[in-house]
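Working notes for the structure below.
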Amino acid sequence: MISVSERDYITKGVDVSIRADGRSRLDFRELVLETGMITQASGSCRVTLDGGTDILVGVKVEVGSIEPEVEAEEADILEDMEQMDQDDGITMVKDKDRGRIICNVECSPSATRIFEPRDIEDMCNEYSQFMNRVLNGSHGGVDLKALCIIPGSTCWILNIDVLVLDYGGNLLDAIFMATRGALHNTRIPRATVEQSDGRVEFDIADEETEIIRGWEDVPLCVSLNKIGYRHIVDAAPLEELCSSARLTVAVNRRGNLCALQKGGHGGIEPSLLAEMVQTAKQIGQTLLKRQDAALREEEERIAAGKDPIGFGAASRH
Amino acid sequence: MADRKRVTGPEKSVVPLLEPGSLSAFTFDPEKRKDGRNIDRIRPVFMKTGVVRQANGSAYLEAGKLKVACGVYGPRQTARSKISSRGILNCDFKFSPFSGGRRRAYIKDSQEKEYSLVLRQALAPAVRLDLLPKSTVDVFVQVLESDGSAACLAAAITCAALALADAGIEMLDAVAACAVGYFDSTICLDPTDEEETYQSGSLVLSYMPSLNEVTHVIQSGEIGTTTTIKALELCVDACAQIQSVMQQTLAATIKEKINGA
Amino acid sequence: MDDSTPASVQNGMDVDTPPSVTSTPAVFSLDSETFKKIHPTEYHRRFLSQGVRPDGRTLSRFRKAKITVGAITTAHGSAMARLGETTVVCGIKAEITEPKTGAPRDGFIVPNFDLPPLCSPQFKPGPPSELSQSISEYINRVLESSKLLNLSDLCIEEGRAVWVLYADIVCLNYEGNAMDAAMLALVAALKHVRLPTATFYEADNAVRVKEQRTIPLKLSRTPISVTFGVFDGQFILADPDIEEEPHLSSQLTVIIEQNGGLCGMLKPGGSALGQETLTSCLEAARTRATHILGILEGALAER
């Protein structure tokens with residue numbers, strides 16, 4: 001809920017590029033990133049945005065069958081033609097030689113005090129759907145073919161579980177940052193495939209692990225909010241309430257857009273839309289560099305054998 | 001899991017494979033699309049309103065082989081628990097079981113749920129929900145035949161906007177939507193199902209031409225920024241064309257009503 | 001309203017009060033629209049007692065039927081049937097499955113009738129309504145008992161692969177008597193089906209088909225459904241529409257095949273019917289069935 005005067009204050013501030021916390025329109029907040037603190041998970045990462053947003057992502061890998069579980073009485077398909085990535089809906093990709101990523105976003109009770117329970121559920125569903133769509137597919141960065149163990153029957157499934165610990169605005173951007181960090185941190189046990197008596201078997205060696213191939217190409221998300229006639233990056237909660245429309249852009253390190261989606265009740269002029277896309281690309285690439293630097297530092301810390309200090313004390317970026 | 005409320009067939013069934021060599025070799029060539037269109041042309045579209053007499057407003061849209069019907073019920077009273085000062089727009093998207101390559105189940109899958117969400121996000125900015133307190137407007141889209149999933153979504157949005165207009169629900173403008181397929185750096189408007197198998201990405205844009213505002217955009221696939229911006233421009237132009245057909249259809253309906261009464 | 005409406009309706013309805021209550025009976029006049037809303041059964045009764053129905057039809061008159069085939073190209077067979085304003089579309093999709101062990105040569109036919117929330121304000125999204133469930137069930141029963149299709153015609157490789165025909169009937173506008181429309185659309189679509197030649201390859205345990213669809217289905221008979229509604233236990237209404245349906249005391253559906261034989265009869269409870277009534281209904285149904293068959297032949301010839 002936001003009062004008329006607060007809305008007016010924020011809109012006028014955005015117009016002259018002075019936001020409530022002193023940032024200019026395209027300034028991103030400081031972020032704190034930490035990886036590997038959840039030893040039970042195959043990979044984990046926590047991202048905190050200065051101002052409240054706190055996201056924890058855990059990745060668990062498990063062995064599963066290539067054909068995903070179908071809903072209700074849907075039939076399975078064996079199509080001879082090159083399988084298509086249904087880029088525009090949820091992929092029920094039944095490729096015989098690819099692994100899968102399953103994302104799930106949840107809100108912890110501490111983050112839910114602001115919203116209605118129903119809105120939270122809708123929001124989590126929407127984010128889960130968005131993540132599933134972006135990460136499954138060649139545009140998602142992760143090499144899904146490398147996750148295949150036995151073509152046609154077994155593959156690795158990456159379960160990415162996102163927990164929103166606190167809400168401070170701009171959840172989706174933080175979620176993607178944490179996801180990318182967690183994927184960087186994830187180690188998959190090595191699977192060796194053997195053929196014996198015409199049957200194919202695989203063996204998992206827990207001690208030998210490998211990284212997720214393609215994690216660097218995972219995109220980061222930039223959410224732009226239209227307030228008045230201008231747009232801002234990394235909105236705080238009150239700014240999100242003022243925004244008439246929101247554009248979410250996923251950018252990868254090659255500078256390409258991996259997904260684009262608009263939300264919100266208002267419309268955006270096409271010229272402004274094009275401008276927002278350009279802004280998102282630039283900001284996305286800056287963010288990627290920042291995150292890569294942070295991840296490198298994390299790697300050095302882990303290599304030097306230093307234990308993670310714990311939540312909230314890692315270096316700032 | 002058996003759907004006990006319907007007649008169920010065998011547990012598993014598959015679409016048969018084609019004999020090798022029997023497929024009329026289809027190689028995608030943007031210069032020579034199968035139906036003879038240029039890359040920047042949409043399929044000729046036919047629209048009609050008032051097809052579902054029981055509904056407050058309805059529309060039927062045909063674009064090539066694609067066939068979509070939409071019925072709008074409302075404004076009707078919202079259930080007690082959800083009363084608010086702003087109207088609720090409720091959208092429901094469903095593929096008919098026979099609409100695509102393989103048979104679809106009656107229970108909604110995740111693609112249909114996602115399309116229902118997109119439908120609402122695309123139409124809500126245009127509908128004057130503030131004028132409908134304590135009311136719900138229900139929009140039901142039924143796809144009879146699909147030819148390109150992105151094109152189908154775009155057609156559903158257009159058809160729903162037309163049905164809302166037919167129902168007399170006040171809107172800022174009639175939303176027109178259009179789809180685009182990316183084939184590396186080539187952009188093709190309104191891709192068919194066959195063409196979609198070769199695409200590297202797709203974009204669906206919903207636009208209000210009178211206000212020059214985009215109500216919704218959704219894109220997937222790895223695409224460069226310049227290509228994206230070009231596609232946005234192409235879509236905006238195509239949407240303006242689609243809206244002119246919508247207006248003609250609505251004008252014809254009104255003339256009929258005046259002459260018939 | 002046309003000339004057949006009784007005078008009492010055209011001039012406004014009088015609601016009678018029993019004479020014992022007051023010495024001078026009070027009479028209010030209502031316009032017909034209001035009367036229809038507050039006392040719909042009496043509204044219909046007033047018409048029927050004069051031998052006519054609110055939409056202008058006589059009691060024994062059926063609505064106009066129209067059939068078009070082949071609209072849905074993704075389906076192996078399709079048809080759209082209109083009965084008055086009730087519109088249904090049937091699409092038949094053929095897929096491959098393994099036969100049951102007890103019947104290794106038998107294919108499957110799976111009919112389903114759906115009333116989506118699109119077609120009428122009375123249906124909400126969610127599980128199928130009672131009406132659609134009962135119609136699906138009855139159609140399934142008629143198909144099985146009349147042996148409409150010889151299921152072994154659907155065999156591709158005994159014990160390994162058979163065709164399964166999913167016949168999905170979707171109602172687009174519901175204005176009464178969905179059963180007749182659904183049955184008509186289904187039969188028209190079945191006659192329109194063309195299957196491709198299929199071969200079973202042992203090597204990779206798969207079925208492959210030719211691209212051309214050429215093989216029609218062999219139907220043992222052409223069943224036509226004719227429904228009557230019973231009002232007040234005495235008036236027999238042919239082809240009840242949406243206004244009449246909620247006030248019927250009983251319904252009767254008969255399935256007639258092309259040579260006039262009876263394939264099925266359904267009378268789901270309700271008020272009792274005498275033998276003569278039944279016989280006259282059957283006669284009327286036969287005439288109607290012949291008429292419908294003519295329209296069906298015409299539509300199929302046009303494809």
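Sequence lines set the chain letters: A, B, ... in the order given, protein chains first and strands last, and positions in each chain run from 1.
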Does atom NZ of C/Lys124 have more than 12 heavy-atom neighbours from other groups under 6.0 Å away? yes

Segment of [X] engaging chain B (4.5 angstrom heavy-atom cut-off):
X        : value
C/Pro128 : both
C/Ala206 : side chain
C/Pro117 : both
C/Asn140 : side chain
C/Pro111 : both
C/Val164 : side chain
C/Ile242 : side chain
C/Tyr174 : backbone

Just checking, is any N or O donor in the side chain of [X] or [Y] under 3.5 Å from an acceptor N or O on the other one?
X        : Y        : answer
B/Tyr106 : C/Asp168 : yes
B/Glu19  : C/Tyr201 : yes
B/Thr136 : B/Gln77  : no

The side-chain hydrogen bond (donor to acceptor under 3.5 Å, both in side chains) partner of C/Arg63 among C/Asp180, C/Asp55, C/Asp239 is C/Asp239

For B/Lys67 and B/Lys65, the nearest pair of non-hydrogen atoms, with its separation, is NZ-O, 3.3 Å

Checked C/Ser78, C/Ser132, C/Cys90, C/Ala71 vs chain B; the most non-hydrogen pairs under 4.5 Å come from C/Ala71

**OP:** Quick one: sort the B/Phe46 and B/Tyr60 rings into parallel, tilted or perpendicular, breaks at 30° and 60°.
**Re:** perpendicular

Cut-off 4.5 Å, heavy atoms of chain C, and the answer for B/Ser146 is backbone

